[in-house]
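Just so it is clear, the values below take in all heavy atoms, side chains as well, and ignore hydrogens, waters and symmetry mates. Residue numbering restarts at 1 for every chain, and letters A, B, ... go by the order of the sequence lines.
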Amino acid sequence: MEMKDYKTLRVTQEGNVVTVRLHRPETGNAINMQMVYDLKDVVDILTDAGDVAVMVLRGSEGVFSRGIDLSDFSLDKPPDIYGLQHWEKMCRQIERLNKYTVAVVEGECIGGGLQLVLLCDARIAERKAVFQLPEVKLGFLPGMATFRLAKYIGLGRAKNVVLTGKTLKAEEALSWGILDDVYDLVDLEKALQQKIDKLLPLHPGVLELARRLLLESYASEYEDFIGGFLAAQHRAIHGDAFRELILKAPAGTKAQEIFVPKDTPKPSRKK
Amino acid sequence: MTRTCSSSKSIPIEAPRILSVGTANPPNKYTQEQLLEYYQETDWKIRSIFLGGHISTRHLYLPEPVNGMMPEESNEELIQKHLRGCLEIGSQAINECLEPLGLAPYDIDFLCCLSSTGFLCPGITAHLIKKMGFRENVRRADILGMGCNAGINGLQTVTDFANANPGKHALLVCIEICSAAYVYNKNINTAVVNSLFGDGAAAVVVCRDARLTWKDGPQVLDFEPHIIPDAIDAMRFGLENNKLSFYLDRDIPYVIGMNVLKPISRLLGRHQLKKRYIQHWLVHSGGKKVIDAIAYNLGLTRHDLRHTIHVLKNFGNLSSASFLFSYKALREETSFQEADQAVMITMGPGTSIETALLQW
């Protein structure tokens, strides 16, 4: 993927993994409109980059993000909703990106920072990371985290986080289901690398279909959903990945048996 | 790898524009439950096909129930119904389309009518000229039997005329009296068709004129067809008791799903566009499964397909007229801006997928 310089981000590529670091150290990586545009640009480029399989989203200098940068707003003109609409559009693009996305959190992850984390396929943090959605307590709304958070942690806990601005420690975010794993800071890089190594190679088209179905599962009737599932599965089983799977399978072997680890005793079968 | 911009270089400076759209349906509207009652249908399989939940109402030309039951229509009655319906809703759609432009049938230079739900000679254009007072020297074309995709084939025809004749007005009228191809024989195949198709007509005026702007309507920039000859039998007319009856293969959604990306990639690639730059999608309301197939193979959301889903729910599958009902719904929403682009997709017998690219 072609690398560009951004005012608010540091983007690096290693193999097929692209790391996007929020980078406004003077403000604790606070999210301003420039960062929204920069993120949108990166995501646009990533979408078309055939040589990238994973996007890692993280902060810099020990902080993920302290949330929205209010200095973009001014009392001289009425605040408009369109900047926030751009933010939400960009968020949706990350959520539906045709790459596997991993959020890696160090230090504070506040407001818009946590909103970004909720968009990612995998979410890990170091033990001292803290999470908070202080917006309601401050007098506005935590974006579409109002839509996403309860799906991770349930309505009761989401009310607790959104309405009171409660600060969550990493262990709590882990046990509630926001995070997949928590590590000591010294182990974080190694753990991230292992996570990615285990994941690759992945089938981006199938991943995208599976994620779309999971995201839609919350708002669908079974009868509506099954049609979408069958259309997606039809696409998957006509893809290259499934073709190779069949090619590799010894004659007479069923697909699911390929995944049975070798040390697992096979159920006896009648011939 | 470089970013592509959303504007296209190969756009002609003044492509023909769609200036207006009009639609019409028969006066009588039926719920799926009503129809099952009129046909006294008790077979649970057929009932569940009707009550699948993706269609709530359809406008149809059906006879008055006798003692609460639908009388059987003869072949002659079905053929007469097709012509009568074409003239009634066809002329209503034309009037609704021409009125906002201050045009009368007399002002139209090219009249193209299409229908797949009945065969007649002389064609629909001749009958509409007699009924509505088009000029005696109006150029005309009748397209019959091309099926649900035909609307875009017709749009190609009027766009080509408009391109070759600047300032002249070309009128496309899609009229489908699907109830004239209804056979009720308690068979699952005919039940699928009878549960799905509705009656409707849609008309658009296309004109090329350098003075027109995006506010007058979108330019019709390009077309890209795709035909799958191996699937020629997937959708077709057959005869049931000497009546025309439409047949739909159960694999259609999958055939369409496997192939729809091909014409779309060619169409968008030619204009250096990407799917995500397209603001509006106008897809034929073929049925729930085929809409799903397109959604998951092109990565379109329910929001992208809201007009398609809305038309299916309120009108059923209106064959070649469906996508223009979606276009009208988009116009009424007025959520488009200058330089917005729309992709139209229709699919039908052949098996064929037709696509068109518009830009405001």
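The minimum heavy-atom distance linking B:Y254 with A:L230 is given by the pair OH-CB, 3.7 Å. The two residues B:T301 and A:R96 come nearest to each other via the heavy atoms CG2-NH1, 2.8 Å. Minimum interatomic distance between A:A232 and B:Y296 (heavy atoms only, all atoms of both residues): CB-CD2, 3.8 Å.
Ion pairing between A:D48 and B:R276 holds under the 4.0 Å rule for side-chain N and carboxylate O.
Applying the 6.0 Å contact sphere to CZ of B:R266 captures more than 12 heavy atoms from other residues, nucleotides or ligands. A 6.0 Å sphere centred on NZ of B:K29 holds no more than 12 heavy atoms belonging to other residues, nucleotides or ligands. Annotation for A:E14: atom CD does not count as buried by contact number, only 12 or fewer foreign heavy atoms lying within 6.0 Å. More than 12 heavy atoms of other residues, nucleotides or ligands sit less than 6.0 Å from atom CG of A:L200. At most 12 non-hydrogen atoms from other residues, nucleotides or ligands lie less than 6.0 angstrom from CG of A:D5.
Within the 4.5 angstrom heavy-atom criterion, no atom of B:K289 approaches chain A. A:L213 touches chain B through its side chain: at least one heavy atom from C-beta onward sits under 4.5 Å away, while N, CA, C and O do not. With a 4.5 angstrom heavy-atom cutoff, A:E208 does not touch chain B via any of its atoms.
A:T8 is linked by a side-chain hydrogen bond (donor to acceptor under 3.5 Å, both in side chains) to A:D38, counting only residues two or more places apart in sequence or in another chain.
Contact check for B:R302 versus A:E216: no side-chain heavy atoms found under the 4.5 Å cut-off. Annotation: side chain of B:H54 is in contact with side chain of A:D224 (closest heavy-atom distance under 4.5 Å).
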What pairs of donor and acceptor atoms, side-chain ones from residues 143-150 of chain A against any protein atom, are under 3.5 angstrom apart with sequence neighbours left out?
residue : atom : partner : partner atom : Å
A:T146  : OG1  : A:G143  : O            : 2.7
A:R148  : NE   : A:E95   : OE1          : 3.1
A:R148  : NE   : A:E95   : OE2          : 2.8
A:R148  : NH2  : A:E95   : OE1          : 2.9

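Contact count against chain B (heavy-atom pairs under 4.5 Å) is highest for A:R212 among A:H238, A:Q93, A:R212.
Between atom CG of residue B:L298 and atom CZ of residue A:R235 there is a gap of 8.0 Å, rounded to the nearest 0.5 Å.
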